[in-house]
Amino acid sequence: MAQQNGHPTFSSRIGFILVTAGAAVGLGNVWSFTYVAGKNGGGGFMLVYLLTLACIATPVFMAELLLGRMGKASPTMALKNLQESVGSKLPWRLPAWLGLGSTILILSFYSVIAGQVMAYGGEALQGGFAGWSPEQVTALDASYKSGVLQPTLWAGIFMAMSALIVSAGVREGLERTSRYLMPALFVMLIGLVGFAAVKGDLSAAVDFLFGFNEMKLSPTIFMEAVGQAFFTLSVGVGGIMIYGSYMGADVNLPRATLWIVLMDLLVALLAGMAIFPLLFAHNMDPAVGPGLVFVTLPLVFSEIPGGALVAFVFFLLLTFAAITSSIALMSPMTQRLVEAGWKRSKAAWFVASLAFAFSMLTTLSFNNWSDFYPLAFIGLDHHTFFDLIREGVNNIVLPFGGLAFALMIAWGLKRDDVRNSLPMQEGGLFSLWYGALKYLVPIAIIALFISVI
Ligand code: TRP
């Protein structure tokens, strides 16, 4: 990693874009996008999702990158520095601290899902999936989730791998790998979409995802769409701020934002177009929940020639995508501990262990506790620990963090300072972005919170 004023920066523009896209693209694009879209009925959700991604999550993503670039430290320190620079009395650090806590909660379920992805890779390595019937596929998902040992073990392996990478400080290595693996994931997904289009029910899938005429809209759908938009861009907890702090001065921030968001969206759309055609061809229910990818994706591999090998490569690439995101999730807390004097490796293993301990809540939510709804007494029936953690973080904490970042940029800092740090010309695109942060984002997020209370 090159140095700039003593702070490490990524060596090139394309390197920055690919590495940050690596932090954004992950299980959110393949696993949660498809299951949340499926659960919320497709079309209406998609429309709101695309709108919020473009008008709310993307401006906030750019705001978070910029806060990192301006503050040049771990999120809590960066925000404190910025607060002092403008002499504000408000606790700017607060959202960063909330963010630190929520990274652990995100990792707690992320590791369980990534663990299952890895386990499926192992299954494929043993020749699994090729020629399987839909019943066999569904049975594998059920049997994986019926035990506690296997999911726990795989979640542990996933967190340990992440901790190893973070403690070794091999960001540069990842930068190089992302250059190849991200395009590889693209190519692979395009191939799967092609196959699904031929073998599956493409028109039913297109109708489901883009049939905006049969919309069902409710505050919950809005909330899920906003939550998914924030989650998929990794925005709201300070993870992206760290990437901003590494960003070289030569990187064009708005253009980088555009590329990253487009790549992220494309991966999600491709995943949807690989999964839904086969789901409808097999008359399966799009609303099955978090297990959706695990009962549908293997169907592609079951029919594809050389299915086991294709499956193995796919799950391997998805594991890689999940690891680059999990590193992004571990960074804010790890960096904060390092600033407090901890050794990097100790900090990384501590963060990973904490996430692993909490991962039990998700493992059990898919298992013995699948009928246990801890907050049923306040009306959140049918919400397991996993549902509460995922929905609580995605739909409430991330938008709250995003709201705070938007307010800091548009109301806290000086307009000219913001514009000069980008740097951008006054007018046009800058005004649009600034206006979105100043009015649209706060109003939309506050309205959303009010509507669901
Ligand atoms: N965006 C990642 C995904 O889609 C997950 C992720 C990484 C994340 N870092 C984050 C989500 C920070 C929220 C906040 O899989």
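Order of appearance sets the numbers: ligands from 1, and atoms from 1 within every ligand. Just so we're clear, the structure is a prediction, and the values are computed from it rather than from any experiment.
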Contacts under 3.5 angstrom, residues 310-318 side chains, donor-acceptor by atom type, not counting sequence neighbours:
none

Could you go through residues 107-116 and list every donor-acceptor pair under 3.5 Å that involves a side-chain atom there, pairing it with any protein atom two or more places apart or in another chain?
{"from": "Ser108", "atom 1": "OG", "to": "Leu105", "atom 2": "O", "distance (Å)": "2.6"}
{"from": "Tyr110", "atom 1": "OH", "to": "Leu27", "atom 2": "N", "distance (Å)": "2.9"}
{"from": "Tyr110", "atom 1": "OH", "to": "Ser325", "atom 2": "OG", "distance (Å)": "3.4"}
{"from": "Ser111", "atom 1": "OG", "to": "Leu107", "atom 2": "O", "distance (Å)": "2.9"}
{"from": "Ser111", "atom 1": "OG", "to": "Ser108", "atom 2": "O", "distance (Å)": "3.3"}
{"from": "Gln116", "atom 1": "NE2", "to": "Tyr120", "atom 2": "OH", "distance (Å)": "3.4"}
{"from": "Gln116", "atom 1": "NE2", "to": "Asp141", "atom 2": "OD1", "distance (Å)": "2.8"}

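Heavy atoms only, all atoms of each residue included: Pro374 and Thr384 are closest at CD-C, 4.2 Å. The shortest heavy-atom contact between Gly22 and Thr324 is O-OG1, 2.8 Å.
Contacts of ligand 1 (protein heavy-atom distance under 4.0 Å) are Ala23, Ala24, Gly26, Leu27, Gly28, Asn29, Ile106, Tyr110, Phe231, Thr232, Ser234, Val237, Ser325, Leu329.
Annotation: ring-ring contact (aromatic ring centres under 6.0 Å, His included) contacts of Phe33 (sequence neighbours excluded): Tyr49.
Between Trp92 and the options Asn81, Leu407, Leu79, a side chain to side chain contact (heavy atoms under 4.5 Å, CB included) holds for only Leu79.
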